[in-house]
Amino acid sequence: MRPVNRVTVDRGMLDIDGERVRWLSGSIHYWRHDVADWPRLLDGAREVGVTMVDTYVPWEVHESSPGERDFEGRLDIARFIEMAGDRGLRVSVRPGPACGAELPTHGYPRHVVDQAEVQALRCSGRPYVLPSASHFFKVPSYASTRFLSQVRSWYDELGQRLADYQAPGGPIAAIQVDNEMGFFFQAHAYALDYHPECLRQWRDFVLGLHGSLDAVNAAYGSTAASPADLDPPRDGSDPSEVRRVEWLLFREHHVRSTLRRLRDALVASGFDCVVTFHNDYARTETPLDQGALEQSDTVDVAGIDAYSSRKGGPWLSDIGRHLSASSRLPLMPELGSGWIAMPWLIPAAIDARDQEMVAMATFAAGVRGANFYMLADRDRWYGSPMDIHGNLREAQASFLRRFREFLDEAQLEELERVAPLLILEPRAEFRREAARAVLGDIVPAYREVMPFDFGLADPGSSGGAAREWFGALQETARRAEVDFDLGAASSPPCFERYQVAAVPVLECLDSATIAALEASPSTRLLVGGRLPAKNERLQQLGPLPSVLILGSADELSAHLPQPTAWTGDAVAAVFHWRGAERSVLVALNHSDKTRQVNIETTAEGSWRSLWPRSERVARDASEASSAVLPAYGVMAWEVAA
Amino acid sequence: MIAPDVRIEDLDPEGFAWLCGLAAQRQHRPQRWLWILHRGGSLLGCRPTEAREGLELESLDLGSPQIADTLIGRSDYERVVIVDGARTQDLADALDREGDTGRDQADYFRACQEAFWSSAAVSTAPAPPRTSTTWPRLSEALSARELTASCVVVEGSDLLLSLHAHFHLGQLSALTSLHDLSPSWRSWDELATSSSALRASDVVVVTDRQHVEEAFSAADLLGTFIESARNGSAHFARGLERLP
């Protein structure tokens, strides 16, 4: 039984022994700065308004030789945490084992990943080489008992050193379990992991699904004489579609069960008072299922990382919609601030002008907490709100101060975003597409490794009828200016929050969605395409609760309620947060031109500008508000009786 | 693609962001390439997908050695790449070999790309693109040296970017920006000597935005930049004779 956390989640914020704390943090990598700069860095963090500082605690850096761990000087993480606490800052720690962070071996000690027996294997049985920002290495298998026992040793050491710094007595409020787990960005169905211990887990999984070896053989068309003879699919040409789809279900299960093991190890190591969280990389498809992480009690909070310029506003809002549906504290554990100093690897840049859209597009769509990654420049990162010594860059620093003020004034946590529609990603259909992938032995994680078009080898990444339906349903809602949440059909939110739910179906529908509908008969489920005949395991479905069939995505509009805030502008979006006595409206201009936008709403009362400045607006409540939004600009208002 | 011990820190954010933008444009120049994947002649897929019907791909002998040339002649694609999924074993073997050599990342990436274009699974028209050789050339020339190099890029009288690099045995070992440059100058000589790091650098180039952008448009980026700096395009240059 897990101990009762002293830190919990309450209405989208952290509750630290009765005190509600907004999760607004910034990353500072203590080991990459002179100790003499730590005070200025932490002072800077407090000055720009974050409530927490976030840091990896990289195993690779602390243990450069087997069994020899260093926690002195720049590596004195305990001292860093104390200094943060002295300034009233909470701390979020990320002990890995994976970190990324442009470290040579991703956070794992080199001597650990060089052990052949812990290395993950490709479908050919060979190790998988991952280029990091500075070097490349063979990735470990998270099924490897030997690997996990070494991780546990690392966790135990940290527990001895840091557990006493947990809230409420200490600054540590949250701990992240691993980092962006998901087969090292290799979403290709048959790239990883064929390590013998992973295959043993797969065999246990499918035997659990089917009940017996005979049943597995019948389902797969195989003739295995014993469980050890069961062989997984290694390519999309495998003749058994059931085996291929269940292999993808296993990969999703493997991510969850491994994270749960690591979470339990952290708790057993002493981190039993703080909120546990995880961060998916920006992918909302197999092998990741962010909603399922919370539903299965794998972690307390499951977030999604995102890096984008201001041009990515709509995409960022979609991430916010996804988190809003599926998380008790919609969190972005890495919200890009500054950029990697490796222009030839992942060319992009996020500067001060981007920061506004990045932050507002996500929070307007439902995000409640974020960690700005990075708050301070360091090795291989530039353009953050502080330079490497802790000197503030005023353009970004003033944005952060103003953003904190906005959040405190708007108090979105006391309101509900008006989003009466839920659109579900048809995971069962997407898995079928992904299960047709080929060439798993050569498809790399990064295109820079090899000039190969990923879409050719992985049809799930490049289109298909289900994906077209999914996009078209969203487009219909956008045209109607009815806001929506996005969920996964494999881990849907409670339907009672929504008036209407819609999901594309070609043939399959996840049984979790059917169960959610049965639990909430008042919600209308609209199915785009056809009545589902099979579930996610391609088994025939029995009688279904009542659903409505849409002949086209356009037909969705007839089932939608009237919008409560609208602009009539195709490239501007407005989000409406509503409470008993006040509303907050956030308008975003997603074009590269200044636009005059007319905002209309059912909210009544006097208007007050919240963003970019807080000031009273002379406006008659019966008139539409005409706002001039600069290119990629944002404005926000409170409307109160 | 930098070796693991290289420190890249304290970069001027605006200027380096501009440089990253140039690199991004260079890396992601729009390409009209046709990609075809087949397995022993049976079409598995193509990108863009409309080419399937437009070029009647399913009626063609995709395993034929001349097929890439045929298709490039029938279409307006810049390049046709045909991959036979039944013959990628040599490519997988090559990727494994390259991952075991312990060479640096730049060489690893280059070797993987060369392995792809020379694989029996891949046929393409026109002839495969040349992989970059700029860095090995510089590394070879500098292999016995310790060298510091600085570059200052201006736009009119405004400072756009400064970079200060250390090279050790031919490899970049540190990269940063110059933070003690004079904000105004009356001559290029004055600018080039206003910073202690600039004064101590073995190689110094002070040039303008246009010169850098032109170099990023050229096939041999670094060679073009160095050569044009030598030939008078730079406002100030010192020590270029040390470079190949």
Side-chain angles (χ1 to χ4, degrees), chain A residues 32 102-105 122 124 126-138 235-237 338-352 377-384 387-389 393 396 436 438-439 441-442 444 446 448-453 455-457 459 462-463, chain B residues 1-14 16-28 33 35-37 39 44-47 49 81 83 85 88-89 91-96 98-100 104-106 108-109 112-113 115-117 119 121-122 128-129 175-177 179:
Chain A
R32 285 167 149 156
E102 292 67 62
L103 291 164
T105 43
R122 309 200 313 268
S124 59
R126 293 182 279 200
Y128 180 74
V129 174
L130 180 72
S132 74
S134 65
H135 206 54
F136 52 92
F137 65 102
K138 294 168 186 173
D235 187 80
S237 61
W339 195 239
I340 296 173
M342 302 292 293
W344 39 80
L345 185 61
I346 311 175
I350 305 171
D351 61 22
D377 283 4
R378 38 81 166 178
D379 180 31
R380 295 164 204 261
W381 200 274
Y382 73 98
S384 296
D387 71 14
I388 197 169
H389 304 293
R393 295 201 172 102
Q396 286 150 296
R436 297 201 305 268
V438 295
L439 303 185
D441 206 24
I442 65 167
Y446 298 130
E448 286 76 6
V449 176
M450 200 166 61
F452 186 72
D453 189 319
L456 266 186
S462 59
Chain B
M1 292 168 271
I2 305 292
D5 298 329
V6 177
R7 296 195 63 75
I8 307 174
E9 60 183 21
D10 218 1
L11 293 164
D12 155 43
E14 300 273 341
F16 200 72
W18 166 73
L19 193 68
C20 287
L22 292 179
Q25 286 173 29
R26 178 181 173 85
Q27 185 167 13
H28 294 303
W33 287 21
W35 288 86
I36 296 171
L37 176 65
R39 185 166 265 155
L44 293 181
C46 66
R47 305 250 287 180
T49 54
V81 186
V83 179
T88 53
Q89 186 62 50
L91 185 52
D93 291 343
L95 294 178
D96 280 335
E98 302 307 336
D100 265 335
D104 75 33
Q105 197 180 66
Y108 171 69
F109 280 16
C112 290
Q113 300 216 4
F116 177 81
W117 291 116
S119 167
V122 177
L175 184 67
T176 187
S177 290
H179 298 285

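Please read these numbers as outputs of a predicted model, since none were measured by experiment. Quick note on labels: first sequence line is chain A, next is B, and so on, each numbered from 1.
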Val83(B) versus chain A, the contacting section by heavy-atom distance below 4.5 Å
side chain
Looking at Asp379(A) and Ile8(B), would you say the former's side chain and the latter's main chain have a donor-acceptor pair under 3.5 Å?
yes
Can we say Arg126(A) and Asp93(B) salt-bridge, meaning some charged N sits less than 4.0 Å from an Asp/Glu carboxylate O?
yes
Okay, Asp377(A) and chain B: the region with an atom under 4.5 Å from a heavy atom over there is side chain
Look at Arg378(A), His389(A), Arg122(A) and state which one has the largest set of heavy-atom pairs under 4.5 Å with chain B.
Arg122(A)
Over all atoms of both residues, closest heavy-atom pair of Tyr382(A) and Cys20(B):
OH-SG, 3.4 Å
If the condition is salt bridge (Lys or Arg N to Asp or Glu O under 4.0 Å), which residues does Glu9(B) pass it with, not counting sequence neighbours?
Arg7(B)
For the interface with chain A, which of Leu91(B), Val122(B), Thr176(B) has the highest count of heavy-atom pairs at distances below 4.5 Å?
Leu91(B)
If one checks every heavy atom of Ile36(B) against chain A at 4.5 Å, the contacting part turns out to be backbone
List the residues meeting salt bridge (Lys or Arg N to Asp or Glu O under 4.0 Å) with Arg39(B), not counting sequence neighbours, and say none if there are none.
Asp235(A)
